[in-house]
Amino acid sequence: MGSTDKTILLDIADGVATITLNRPDRLNSFTAAMHEELREAVGEVRDDKAVRCLLLTGAGRGFCAGQDLSDRAVAPGAQGPDLGVSIETNYNPLVRSLRALPMPVVCAVNGVAAGAGANIALACDIVLAARSASFIQAFCKIGLIPDSGGTWTLPRLVGHARAMGLAMLGDKVSAEQAEAWGMIWKAVDDDRLMAEAGALARQLATQPTRGLALIKQALNASSANDLDTQLDLERDLQREAGRTHDYREGVAAFVEKRAPKFEGR
Ligand code: T3D
């Protein structure tokens, strides 16, 4: 455990909520209690009108090593836990809530991201990673399949061949390789990670939040849609964007040759 008993730390400042996974001596791997605290924190962020960007990171030298395997060891002959229940109760709602959050979600991957930890990072909207960080689809090494959306996200980010190789081999992907493959936005020097991620999150928190949420909705829907459906969706979301205060403000500021002051609505 870290300096506090809380497995999740939540800090809100300058329109940015920072959630820190906080079990550093277990590389921030997930227990049921940590899932529960994270659910509560994400719910708080969603309901707080002052928050316009979420920044997710990990305490210590790792980002997240996925499920805590210490409570998965089963004596020979004994019945193991139903992993489907674990996924349905914990991992799937988490990924769904991050994807549906009506604001940008920035992930600062501070160290190794393995198993569900890797795929939770990749479910975020903009992923920065420290140069020393890495991504490992560790599931195959213990007989599991990539979860937390990995079988959906990975092929869309890196293509089928790389997704299959990563999922079946469990090779470590460095932050620089992840950037080169388009798996993440950017690899950043270790000592610059939190400063850069914080600045990016604060900048995003000053932008037209509603518009950014609609961009997220459109892009997340695109891979399941054909062009016609996506064009219809763009029409509907653009209609909604056009009714926001921030659209009016953006156009007025452009015409008046001044900086816009977006309010996120
Ligand atoms: O079960 C379900 O609910 C289904 C859902 C599953 C989702 C999943 O995520 S399954 C995949 C689970 N995760 C893994 O298989 C990864 C296991 N960890 C590792 O392979 C390695 O730890 C890493 C490659 C991530 C990092 O290696 P390294 O050498 O940098 O660190 P380390 O020495 O292995 O780990 C440091 C400590 O953290 C160590 O404890 P110790 O020896 O200092 O007391 C290690 O045991 C602990 N740790 C790391 N990962 C986990 C963990 N403890 C429990 N669970 C972990 N996942």
Side-chain angles (χ1 to χ4, degrees), residues 1-8 19-39 42 56-76 78-99 107-124 127 129-154 157 163-178 183-184 187 190 193:
M1 198 63 63
S3 54
T4 157
D5 281 350
K6 290 187 171 174
T7 62
I8 295 295
I19 290 182
T20 306
L21 309 177
N22 189 40
R23 298 183 70 232
D25 56 346
R26 301 283 99 187
L27 300 182
N28 303 318
S29 55
F30 275 99
T31 58
M34 180 162 138
H35 271 294
E36 204 175 316
E37 285 187 40
L38 183 54
R39 253 193 312 278
V42 173
L56 178 65
T57 192
R61 74 172 178 90
F63 171 69
C64 175
Q67 171 65 35
D68 187 318
L69 295 175
S70 52
D71 57 10
R72 288 294 184 263
V74 185
Q79 178 85 31
D82 180 338
L83 301 193
V85 170
S86 162
I87 299 293
E88 185 65 22
T89 312
N90 292 322
Y91 291 98
N92 284 356
L94 171 59
V95 169
R96 288 190 174 112
S97 66
L98 293 174
R99 299 291 283 206
C107 188
V109 182
N110 52 299
V112 65
N119 293 333
I120 288 162
L122 299 179
C124 296
V127 184
R131 257 176 239 291
S132 67
S134 56
F135 297 83
I136 310 174
Q137 297 294 323
F139 309 89
C140 56
K141 301 193 171 171
I142 54 169
L144 296 184
I145 70 158
D147 58 29
S148 304
T151 60
W152 189 92
T153 312
L154 267 184
L157 291 174
M164 194 65 92
L166 293 177
M168 287 199 162
L169 300 171
D171 284 359
K172 184 190 277 197
V173 178
S174 69
E176 284 179 2
Q177 184 70 80
M183 193 193 282
I184 63 168
D190 285 25
L193 177 71

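Just so you know, ligand 1 is whichever comes first in the structure, and atom 1 is the first atom listed for that ligand. Not measured: the values here are computed from a predicted model.
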Legend entry - Test item: N92 side-chain N/O and S148 main-chain N/O as donor-acceptor pair under 3.5 Å: no

Legend entry - side-chain hydrogen bond (donor to acceptor under 3.5 Å, both in side chains) partner of T7, the single match among R26, E37, R23: E37

Inset, instruction - Taking the side chain as every heavy atom from C-beta outward, state whether L193 and R131 have any pair of such atoms under 4.5 Å apart. - result: no

Legend entry - 4.0 Å protein heavy-atom contact status of atom 30 (O) of ligand 1, strictly under: yes

Legend entry - Proximity winner for atom 47 (C) of ligand 1, if only heavy atoms of R26, H35, Q137 are counted: R26

Inset, instruction - Please could you name the atoms of ligand 1 that S86 approaches to less than 4.0 Å, counting only its heavy atoms? - result: 2 (C), 3 (O)

Legend entry - Expected output: side-chain N28 to main-chain G58 donor-acceptor under 3.5 Å: no

Inset, instruction - Nearest 0.5 Å please: distance from the OG1 atom of T57 over to the CG atom of N110. - result: 4.0 Å

Inset, instruction - Return a yes/no value: protein heavy atom under 4.0 Å from atom 19 (C) of ligand 1? - result: no

Legend entry - Flag: protein heavy atom within less than 4.0 Å of atom 12 (C) of ligand 1: yes

Inset, instruction - For D147, take its heavy atoms, then give the atoms of ligand 1 lying under 4.0 Å from any of them. - result: 5 (C), 6 (C), 7 (C)

Legend entry - Spacing of CD belonging to E176 relative to CD1 belonging to I184, to within rounding of 0.5 Å: 9.0 Å

Legend entry - Location of contacts on S29 toward ligand 1, heavy atoms closer than 4.0 Å: side chain

Inset, instruction - Please round to the nearest 0.5 Å and tell me the distance separating atom CG of D147 and atom CH2 of W152. - result: 15.5 Å

Inset, instruction - For atom 9 (O) of ligand 1, state which one of G170, A116, P24 supplies the nearest heavy atom. - result: A116

Inset, instruction - Return yes if some donor-acceptor pair links the side-chain N/O of D171 with the main-chain N/O of L166 below 3.5 Å, else return no. - result: no

Inset, instruction - Any atoms of ligand 1 less than 4.0 Å from a non-hydrogen atom of D25? List them with their elements. - result: 37 (C), 38 (O)

Inset, instruction - Select one of side chain, backbone, both or neither to describe which atoms of K141 lie under 4.0 Å from any atom of ligand 1, heavy atoms only. - result: neither

Inset, instruction - Give, for atom CG of L122 and atom CG of L98, the distance between the pair rounded to the nearest 0.5 Å. - result: 12.0 Å

Inset, instruction - Would you mind checking which non-hydrogen protein atom is closest to atom 15 (O) of ligand 1, with the distance to 0.1 Å? - result: L69 CD1, 3.6 Å

Inset, instruction - Please check if a non-hydrogen protein atom sits closer than 4.0 Å to atom 55 (N) of ligand 1. - result: yes

Inset, instruction - Mark up the atoms of ligand 1 that fall under 4.0 Å of a heavy atom belonging to Y91, in ascending order. - result: 3 (O), 5 (C)

Legend entry - Where ligand 1 meets F139 - atom numbers and elements under 4.0 angstrom, heavy-atom basis: 7 (C), 8 (C), 9 (O), 10 (S)

Legend entry - CA sep, side-chain torsions, deciding dist, call: V42, I19, side-chain contact (heavy atoms from CB on, under 4.5 Å): CA-CA 8 Å; V42 173; I19 290 182; 4.0 Å; yes

Inset, instruction - Go through ligand 1 atom by atom and flag the ones less than 4.0 Å from a non-hydrogen atom of I136. - result: 24 (C)

Inset, instruction - Could you tell me whether ligand 1 has any atom less than 4.0 Å away from a heavy atom of N90? - result: no

Inset, instruction - Please check atom 50 (N) of ligand 1 for a protein heavy-atom neighbour under 4.0 Å. - result: yes

Inset, instruction - I would like to know whether L27 and R61 meet side-chain contact (heavy atoms from CB on, under 4.5 Å); could you show each step before the answer? - result: CA-CA 7 Å; L27 300 182; R61 74 172 178 90; 3.9 Å; yes

Legend entry - Atoms in ligand 1 with a heavy atom of G66 nearer than 4.0 Å: 9 (O)

Legend entry - Heteroatom proximity flag, A65 to ligand 1, N/O under 3.5 Å: yes

Legend entry - Spacing of L38 atom CG and S97 atom OG [to the nearest 0.5 Å]: 7.0 Å

Inset, instruction - Please step through side-chain contact (heavy atoms from CB on, under 4.5 Å) for the pair Q177 and F135, ending with a clear verdict. - result: CA-CA 10 Å; Q177 184 70 80; F135 297 83; over 6 Å; no

Inset, instruction - Could you grab the distance from atom CG of L169 to atom CD of Q137, nearest 0.5 Å is fine? - result: 11.5 Å

Inset, instruction - Have a look at ligand 1 and work out which part of A114, if any, has a heavy atom under 4.0 Å from it: side chain, backbone, both or neither. - result: side chain

Inset, instruction - Return yes when F30 approaches ligand 1 closer than 4.0 angstrom through a heavy atom, no otherwise. - result: no

Legend entry - 4.0 Å protein heavy-atom contact status of atom 45 (C) of ligand 1, strictly under: no

Legend entry - Identity and separation of the nearest protein heavy atom to atom 22 (O) of ligand 1: L27 CD1, 3.8 Å

Inset, instruction - Measure the distances from the heavy atoms of R61 to every atom of ligand 1 and state whether one is below 4.0 angstrom. - result: yes

Inset, instruction - May I ask you to check if ligand 1 and L83 share an N or O to N or O distance below 3.5 Å? - result: no

Legend entry - Closest protein heavy atom to atom 57 (N) of ligand 1, given as residue, atom name and distance to 0.1 Å: Q67 O, 2.8 Å

Legend entry - R72 N/O to ligand 1 N/O under 3.5 Å: yes

Inset, instruction - Report yes or no: does N22 contribute a side-chain atom to a donor-acceptor pair with the main-chain N or O of A59 at less than 3.5 Å? - result: no

Inset, instruction - Determine the interplanar angle of the F30 and H35 rings, folded into 0 to 90°, and report it as parallel if under 30°, tilted if 30 to 60°, perpendicular if over 60°. - result: parallel

